[in-house]
Amino acid sequence: MEAVRRTPGVSLREVFSHAARGLPGAGDRRGGVVAEALGYLQEGFGAHYATGVATDEAILVGDHAYARAVETIARLDEPRFVGVASRMIRDGAGEISRGGAVSAGFWTPHLAQLLGIISGESEERSQRRIRAAIEEVARAG
């Protein structure tokens with residue numbers, strides 16, 4: 001029996017880096033930090049939920065990755081980032097507990113909120129940037 005993938009098939013780190021590229025001011029630097037944290041968050045989520053029941057080792061790996069995500073994003077000293085990341089984990093875990101899967105599209109609103117914090121642009125504009133980045137990263141991958 002083949003395991004069904006329950007987490008995004010594209011790198012959230014790459015997607016966010018691509019979407020944040022070219023933002024004015026400190027957007028690129030802040031975008032890089034958020035992208036790094038998203039990489040850890042995705043690693044943790046994948047360890048916990050990627051294909052099925054997580055082993056004790058996978059749970060430890062996932063918890064460590066979540067801690068790295070929080071440490072990384074805390075460097076920006078912006079509580080809104082932590083709030084969005086917490087909602088990403090909660091919403092993703094809830095979707096999986098209902099038997100669903102979590103794709104990059106599922107997390108697009110969350111990623112757009114993170115991008116909007118950095119860019120100051122509307123959530124609609126940020127969602128368009130994120131969707132375009134998902135398509136580009138998926139094509140390149």
Side-chain angles (χ1 to χ4, degrees), residues 1-55 57-141:
M1 177 182 275
E2 186 176 320
V4 175
R5 183 170 187 84
R6 297 175 356 155
T7 59
V10 296
S11 165
L12 297 181
R13 181 183 195 150
E14 289 180 41
V15 165
F16 199 84
S17 291
H18 182 77
R21 198 171 299 135
L23 291 176
D28 281 334
R29 183 192 69 76
R30 293 173 71 201
V33 173
V34 172
E36 181 182 352
L38 285 169
Y40 292 128
L41 186 144
Q42 187 171 12
E43 179 184 331
F45 206 85
H48 285 175
Y49 302 111
T51 57
V53 178
T55 64
E57 182 179 342
I59 290 170
L60 290 173
V61 167
D63 289 350
H64 182 259
Y66 286 150
R68 294 285 312 268
V70 171
E71 280 177 12
T72 301
I73 210 152
R75 295 190 323 229
L76 295 175
D77 195 27
E78 175 54 71
R80 294 180 297 172
F81 289 129
V82 176
V84 174
S86 296
R87 286 190 300 278
M88 285 181 78
I89 294 167
R90 181 198 67 215
D91 294 350
E95 181 65 18
I96 286 175
S97 73
R98 289 186 293 277
V102 178
S103 65
F106 177 87
W107 272 332
T108 293
H110 302 87
L111 298 172
Q113 289 170 2
L114 292 168
L115 189 62
I117 293 168
I118 293 170
S119 68
E121 65 190 6
S122 72
E123 190 168 329
E124 182 180 308
R125 173 70 179 125
S126 292
Q127 280 196 20
R128 284 194 305 268
R129 282 183 187 263
I130 294 294
R131 283 189 201 103
I134 289 169
E135 287 178 21
E136 186 164 320
V137 170
R139 272 194 311 268

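Quick note: residue numbers are just sequence positions, from 1.
Residue Glu36 forms a side-chain hydrogen bond (donor to acceptor under 3.5 Å, both in side chains) with just one option from Arg13, Arg75, Arg68, and that option is Arg75.
One side chain, Gln113 or Arg87, offers a donor N or O that lies under 3.5 Å from an acceptor on the other. At a cut-off of 3.5 Å, with distance as the only test, no side-chain donor of Thr108 or Gln127 sits close to an acceptor on the other residue.
The shortest non-hydrogen separation linking Ala101 to Glu95 is O-CG, 3.6 Å. When every heavy atom of Ala19 is checked against every heavy atom of Leu115, the shortest pair comes out as CB-CD2, 4.0 Å. Nearest heavy-atom pair across Ala20 and Gly31 is CB-CA, 4.0 Å. Closest approach of Ala35 to Ser17, counting heavy atoms only: CB-OG, 3.2 Å. Nearest heavy-atom pair, Leu12 versus Ala104, reported as atom, atom and distance to 0.1 Å: CD2-CB, 4.5 Å. Between Val61 and Ala47, the closest heavy-atom pair is CG1-CB, 4.2 Å.
Using a 4.5 Å cut-off on side-chain heavy atoms (C-beta onward), Leu41 and Ile73 make no contact. At a threshold of 4.5 Å between non-hydrogen side-chain atoms, the residues Ile118 and Phe81 count as touching. Side-chain contact between Met88 and Phe106: absent, with no pair of heavy atoms (C-beta onward) separated by less than 4.5 Å.
Look at Arg131 and Glu135 and you find no salt bridge, because none of the NZ, NE, NH1 or NH2 atoms lies under 4.0 Å from a carboxylate O.
Panel note: side chain Arg129, backbone Arg125; no donor-acceptor pair is recorded below 3.5 Å. At least one donor-acceptor pair under 3.5 Å links the side chain of His48 to the backbone N or O of Ile59. Within the 3.5 Å criterion, the main-chain N or O of Val10 finds a donor-acceptor partner in the side chain of Gln42. Looking at Ser126, its side chain never comes within 3.5 Å of a backbone N or O of Glu123 through a donor-acceptor pair. Without hydrogens or angle criteria, Trp107 side chain to Val102 main chain gives no donor-acceptor distance under 3.5 Å.
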Checking ring-ring contact (aromatic ring centres under 6.0 Å, His included) for the pair His64/Tyr40: CA distance, chi angles, key distance, verdict?
CA-CA 9 Å; His64 182 259; Tyr40 292 128; 8.2 Å; no
Dump the intermediate steps for side chain to side chain contact (heavy atoms under 4.5 Å, CB included) on His18 and Ile134, then the final yes or no.
CA-CA 9 Å; His18 182 77; Ile134 289 169; over 6 Å; no
